[in-house]
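Note sheet for the following structure.
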Amino acid sequence: MSANKSAPLIEVRDLRKWFPIHAGIFSRRVGEVKAVDGVSFSVGRKETLSIVGESGCGKTTAGRALLRLIEPTSGSALYRRTPDSEPVDLFQLSPSEMRAQRDDLQIIFQDPYGSLNPRITVGNAIAEPLAVRGLAEGSELQDRVEELLRRVGLRPEVANRYPHEFSGGQRQRVGIARALALKPKLIVCDEAVSALDVSIQAQVINLLKDLQDEFNLSYIFIAHDLSVVRYISDRVAVMYLGRLVETGETRQIFDDPQHPYTKALLSAIPSPDPTKRSELIPLTGDVPSPINPPAGCHFHTRCSLVEDRCKETYPESVELGGGHSASCHLLS
Ligand code: SF4
C-alpha cells in the first residue's frame, strides 16, 4: 500500500468485539454479547472524534478494543505514525510489536484513582513509563516529571504526594500527565471528565484542547454528555447497540441531525436560551440487550417513526454529503 499524505492517523474498519456466553456444567458456548458489531471510523491528525451513546451502547468497548486493551474479535485498525508512513494494522501485530506502538496510543480513564497505584507517589507514576523504556533517568527523569506536572497545571512539588491527597480534577491531571509522558499521537479519553464537577470539567477540557494544539494530539473522546462533546469535537459518531447510526462533523450532528436516535439524544440537552429549546423527543424504555438485539434496525423498539421494513432489515448507511452519514430507512 502506498503512503498517502492525506491519510488519517487511524482508520478502523468493521471492528467487532463479541464476548462469548458460556453455560451449563461443561461451560458450552451458547451465544455472544455483540458489544461492538461492525464499527468503522477514522481519526485525522490533531482531530477529535467523539463516540457518543447511552450507557451499554459499546462505546467504551470500542475504544479499548482499538487499543487492544481487550482483544478485538475481528476488523482492522490501520495506523500511520506519520502521513508518509506505511500503515500498520494494529490488530495483526504480535504482542511485542503492539508494545512498540503502544507509546503512541494512550488512554485516560474516567476514574484516574483506579488507574493510579495508591502506594506510588504521583511523581513515580508519571516517571514509570519513561523509566521502563529507558528514556530518562536521574535528574533528567525528575526534570521531565516536573515539566509534565507543570504542563497539566500542577506544581512540581506535588510529585512526592500520593493519589489520595489529590482532588478528582487533580488526579485527572495526573492521569493526563502520565498519558503525555511518552509523547503519544492518539489519546482515547474514556469518559475522562464524566465524574468531575462541571467547573472542573471545563478546566480539564480546556487543558485537553491546549495540549492538543501544543502536541498535535488526536483524541477519541468517549462520552455521554453531549454538551461537552459539542465543545470539544471536530466530528461525532453516534453509537447504538454496538453499531454507529450516524457520523458527521460536529455542526452536522448538532445542527442537522438525521437519525431519529440522534434527534432524541439531542432533544434532551437543556438549553439556557428558551427560544432555542427543542421539543423533547422521549426515548422510551431501556437499550435492548446486545445478547439478543432486535431484528432489523436495532432502534426500532424505541423509535416513534418505526415502519414495517424497520423490523426486518438493518438499514444501510446513507451518505448525506460532506462526510455526514446515517443508517435509517427513512433516508434511503
Ligand atoms: Fe426508526 Fe426505522 Fe429509522 Fe430505525 S430505520 S431509526 S426504526 S425509522
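- Counting heavy atoms from C-beta on, the side chains of D210 and F215 never come closer than 4.5 Å.
- Using a 4.0 Å cut-off between charged side-chain N and carboxylate O, E146 and R151 make no salt bridge.
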Check the pair Y240, H298 against ring pair (Phe, Tyr, Trp, His ring centres under 6.0 Å), reporting the backbone distance first and the verdict last. CA-CA 8 Å; Y240 187 77; H298 293 349; 7.7 Å; no
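- Using modelled atom types and a 3.5 Å distance limit, the side chains of E97 and S94 yield a donor-acceptor pair.
- A salt bridge between R102 and D104 is absent, with no side-chain N of the basic residue lying under 4.0 Å from a carboxylate O of the acidic one.
- Using a 4.5 Å heavy-atom threshold, the side chains of L93 and R68 count as touching.
- Here the straight-line distance linking atom OG1 of T247 with atom CG of L49 works out to 7.5 Å at 0.5 Å rounding.
- Taking 4.0 Å as the cut-off between side-chain N and carboxylate O, E71 and K17 do not count as a salt-bridged pair.
- The line from CG of L154 to CG of L149 is 5.5 Å long, rounded to the nearest 0.5 Å.
- Distance check: L208 CG to L217 CG gives 9.0 Å after rounding to the nearest 0.5 Å.
- Residue R64 holds its CZ atom at 5.0 Å from CD1 of I107, rounded to the nearest 0.5 Å.
- Nearest heavy atom pair, residue V39 against residue G242, reads CG2-O, 3.4 Å.
- Proximity of Y261 to E246: side-chain heavy atoms (C-beta onward) are nowhere separated by under 4.5 Å.
- S317 and S325 make their closest contact through OG-CB, 3.7 Å (heavy atoms, listed as atom of the first residue, atom of the second, distance).
- When all heavy atoms of Q172 and A192 are compared, the closest pair comes out as NE2-O, 2.6 Å.
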Apply salt bridge (Lys or Arg N to Asp or Glu O under 4.0 Å) to E86 and R81, showing your working. CA-CA 8 Å; E86 287 297 319; R81 191 166 204 281; over 6 Å; no
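- Note on E147 versus R150: salt bridge recorded, some NZ/NE/NH1/NH2 to OD/OE distance being below 4.0 Å.
- In terms of heavy-atom proximity, I126 sits nearest to A181 at O-CB, 4.0 Å.
- Contact check on K183 versus D103 returns no salt bridge, with no Lys/Arg side-chain nitrogen under 4.0 Å from an Asp/Glu carboxylate oxygen.
- Judged by distance alone, the side chains of N124 and Y162 never bring a donor and an acceptor atom under 3.5 Å apart.
- In this structure, T61 and F19 have side chains that are in contact, with non-hydrogen atoms separated by less than 4.5 Å.
- Scanning all heavy atoms of the two residues, the minimum distance from H22 to S27 falls at ND1-O, 3.1 Å.
- Of the candidates I51, T262, L226, T262 is the only one forming a side chain to side chain contact (heavy atoms under 4.5 Å, CB included) with V238.
- Side-chain contact between P293 and P288 is absent, with no heavy-atom pair separated by less than 4.5 Å.
- Note that CZ of R155 and CZ of R161 are 5.5 Å apart. Values are rounded to the nearest 0.5 Å.
- In this structure, the separation between CD on Q212 and NZ on K46 is 7.0 Å, given to the nearest 0.5 Å.
- Shown here for N160 and T121, the closest heavy-atom pair between the two residues is O-CG2, 3.5 Å.
- Between the side chains of E249 and H324, not a single donor N or O lies within less than 3.5 Å of an accepting N or O.
- Under a 4.0 Å N-O distance rule, the pair R251/D234 does not qualify as a salt bridge.
- Contact annotation: the side chain of Y219 never approaches that of V188 to less than 4.5 Å [non-hydrogen atoms, C-beta and beyond].
- Proximity of R178 to V145: side-chain heavy atoms (C-beta onward) are nowhere separated by under 4.5 Å.
- The backbone N or O of S332 sits nowhere less than 3.5 Å from a side-chain atom of E316 that would complete a donor-acceptor pair.
- You'll find the side chain of E47 stays beyond 4.5 Å of the side chain of L9, heavy atoms only.
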